[in-house]
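Everything on this sheet refers to the single structure shown next.
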Protein chains: 2
Amino acid sequence: MTKVNQSRDSGTTQRSLTKQRLVETARELFYQNGYEATGIKQILAKAGVNSGSLYYFFPTKEDLLLAVLERYKELLWPMVLDPVFDRTGDPIEQVFGVLEGYRKMLLATYCRQGCPIGNLALEMSEKSDAVRKAVAENFEGWRVAIRQCLMDAGDRLPADVDRDRLATLILTTMEGGVMQARAHRNLEPYEASVAMLRDYVDRLLLHKSGGVSECAG
Amino acid sequence: MTKVNQSRDSGTTQRSLTKQRLVETARELFYQNGYEATGIKQILAKAGVNSGSLYYFFPTKEDLLLAVLERYKELLWPMVLDPVFDRTGDPIEQVFGVLEGYRKMLLATYCRQGCPIGNLALEMSEKSDAVRKAVAENFEGWRVAIRQCLMDAGDRLPADVDRDRLATLILTTMEGGVMQARAHRNLEPYEASVAMLRDYVDRLLLHKSGGVSECAG
DNA sequence: GTCTATAACTTGATAGAC
DNA sequence: GTCTATCAAGTTATAGAC
């Protein structure tokens with residue numbers, strides 16, 4: 001009784017339910033426990049799939065991780081950006097709305113879970129170049145979206161402020177803040193980091209029309 | 001032929017050479033490969049020590065990690081701060097000198113190695129509360145030293161700028177910048193983050209004597 | 001304090017029937 | 001595409017002689 005199984009993968013969409021379930025389960029477990037600390041058996045048990053099926057789709061554990069990282073790229077807009085961008089059109093508020101989203105995540109998990117990409121960045125960058133690149137692409141997607149907000153802010157920001165580098169600092173603030181909040185199991189380091197970043201941006205917004213020098217005193 | 005082995009541990013100092021070697025080797029390997037990915041066998045081989053000796057000193061692998069984290073606390077001043085503080089007495093330059101030290105480390109390792117504490121923070125915070133706390137203490141030592149610099153800067157910084165929170169942002173910038181530099185295997189994200197932080201601090205230094213409002217325009 | 005040998009278990013991955 | 005059974009190697013940790 002050969003089931004007529006959905007098989008064509010148009011683009012990144014997985015038509016196979018088993019494959020989908022595998023990626024989703026692996027995503028959760030890698031997130032909660034890290035890549036090394038998550039066993040294939042564990043993934044299999046939670047997904048309700050047998051070893052044979054997993055290895056039919058993914059030759060190695062690393063290939064499964066790469067699929068997970070592709071999935072995270074797909075989720076950037078629907079999960080991270082859209083909910084914020086739908087609520088406000090002000091590009092500066094969009095930026096801090098995204099940061100507020102991570103604060104809510106920390107709050108909801110009692111500072112136990114942060115950014116899955118950041119976790120993998122530090123754990124895997126030296127172990128697999130393919131993974132490192134997939135992580136970098138995830139960072140880049142996030143950063144480019146934030147940079148677009150900064151560009152949309154137009155002349156509200158001083159002309160000489162580098163939007164590209166400021167977008168990098170914003171991602172830096174999120175990742176560094178999340179890291180400390182998790183280590184201290186306390187929101188304060190995250191909130192402090194974002195508050196100081198906000199102070200910086202506020203100062204930039206107020207002094208938009210030139211360098212700092214013009215009103216030194 | 002029972003060797004008269006040095007045994008008393010006065011404080012944190014390890015009088016046993018074997019123990020010292022074990023901690024040092026574990027420190028390197030945990031740094032390079034992460035905690036989970038490093039095997040006891042690997043540590044034993046590199047240190048030239050037998051399994052029996054390791055377990056004589058450390059009941060579990062986690063205890064070894066805790067000793068490593070204690071060691072990092074001891075190393076903060078001699079390895080991270082003193083080399084910078086000896087070169088300059090200006091507290092603001094001390095802060096950015098420390099950040100420059102991490103840049104040099106990234107440069108020397110082609111962006112392969114960053115901050116060992118940051119790695120452990122993300123890998124271990126959910127797995128062991130003892131490790132999480134030891135990581136938090138390491139962060140706190142670093143942050144307190146930087147905060148002292150900011151306090152030493154006195155009225156060069158505006159009175160209403162929260163030194164404590166600014167110190168947090170500085171650690172955040174280091175950790176977040178290092179993370180992205182490693183993921184992209186490129187110094188730019190780190191340099192961009194630090195440059196923007198410097199711009200922020202420069203603006204604070206110039207506008208020390210009050211709020212932003214006084215010269216809005 | 002250090003040695004060797006090994007227990008007890010888990011790991012990622014494979015084979016081959018269906 | 002999915003199933004079961006299993007491999008070979010690796011894991012942390014222990015036992016007991018010296």
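In what follows, every chain begins at residue 1, and chains take the letters A, B, ... in the order their sequences are listed. Predicted, not measured: the structure shown is a model, and the values here were computed from it.
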Rounded to whole Å, the CG-P distance (A:Leu22 to C:dG12) equals 13 Å

In whole angstroms, the gap separating C1' of D:dG1 from CD of A:Gln20 amounts to 16 Å

Out of D:dA13, D:dT2, C:dG12, minimum distance to the side chain of A:Lys61 belongs to C:dG12

| task | Return the orientation label for the A:Phe85 and A:Trp77 ring planes: parallel under 30°, perpendicular over 60°, tilted otherwise. | result | perpendicular

Heavy-atom nearest nucleotide on DNA chain D taken for A:Phe57 and for A:Lys41; more 5' hit belongs to A:Phe57

Quiz item: Is B:Tyr190 close to A:Thr168 at the side-chain level, that is, under 4.5 Å between some pair of heavy atoms?
Solution: no

B:Gly52 near the nucleic acid: base, sugar-phosphate alone, or nothing, with a heavy-atom cut-off under 4.0 Å? base

* Side chain B:Ser51 and base D:dT14 donor-acceptor under 3.5 Å -> yes

Atom CD of A:Gln42 and atom P of C:dA13 are separated, to the nearest Å, by 15 Å

Of A:Arg182, A:Arg185, A:Gln113, the one forming a side chain to side chain contact (heavy atoms under 4.5 Å, CB included) with A:Leu106 is A:Arg182

When rounded to whole Å, the CG to C1' distance for the pair A:Leu64 and C:dT11 reads 15 Å

A:Phe58 CZ to C:dG12 P, in whole Å, measures 15 Å

Per atom distances to the A:Thr60 side chain, the nearest of C:dA13, D:dT12, C:dC3 is C:dA13

Whole-Å distance, B:Tyr35 OH to D:dT12 P, equals 8 Å

- Query: Should B:Asn50 be listed as having a side-chain N or O under 4.0 Å from OP1 or OP2 of C:dC3?
  - Reply: yes

When B:Val98, B:Leu197, B:Leu99 are each screened for side chain to side chain contact (heavy atoms under 4.5 Å, CB included) with B:Met174, the one that passes is B:Leu99

_Measuring to OP1 and OP2 of C:dG1, would you say a side-chain N or O of B:Tyr56 lies under 4.0 angstrom away?_
yes

Side chains of A:Glu62 and A:Ser128: is there a donor and an acceptor less than 3.5 Å apart?
-> yes

Whole-Å distance, A:Glu62 CD to C:dA13 C1', equals 14 Å

A:Ile43 CD1 to C:dT10 P, in whole Å, measures 17 Å

| task | Kindly say if B:Thr18 contacts the phosphate of C:dT2, meaning a side-chain N or O under 4.0 Å from OP1 or OP2. | result | yes

Quick note, A:Tyr55 side chain, CB onward, closest among D:dA13, C:dG12, D:dT2 is C:dG12

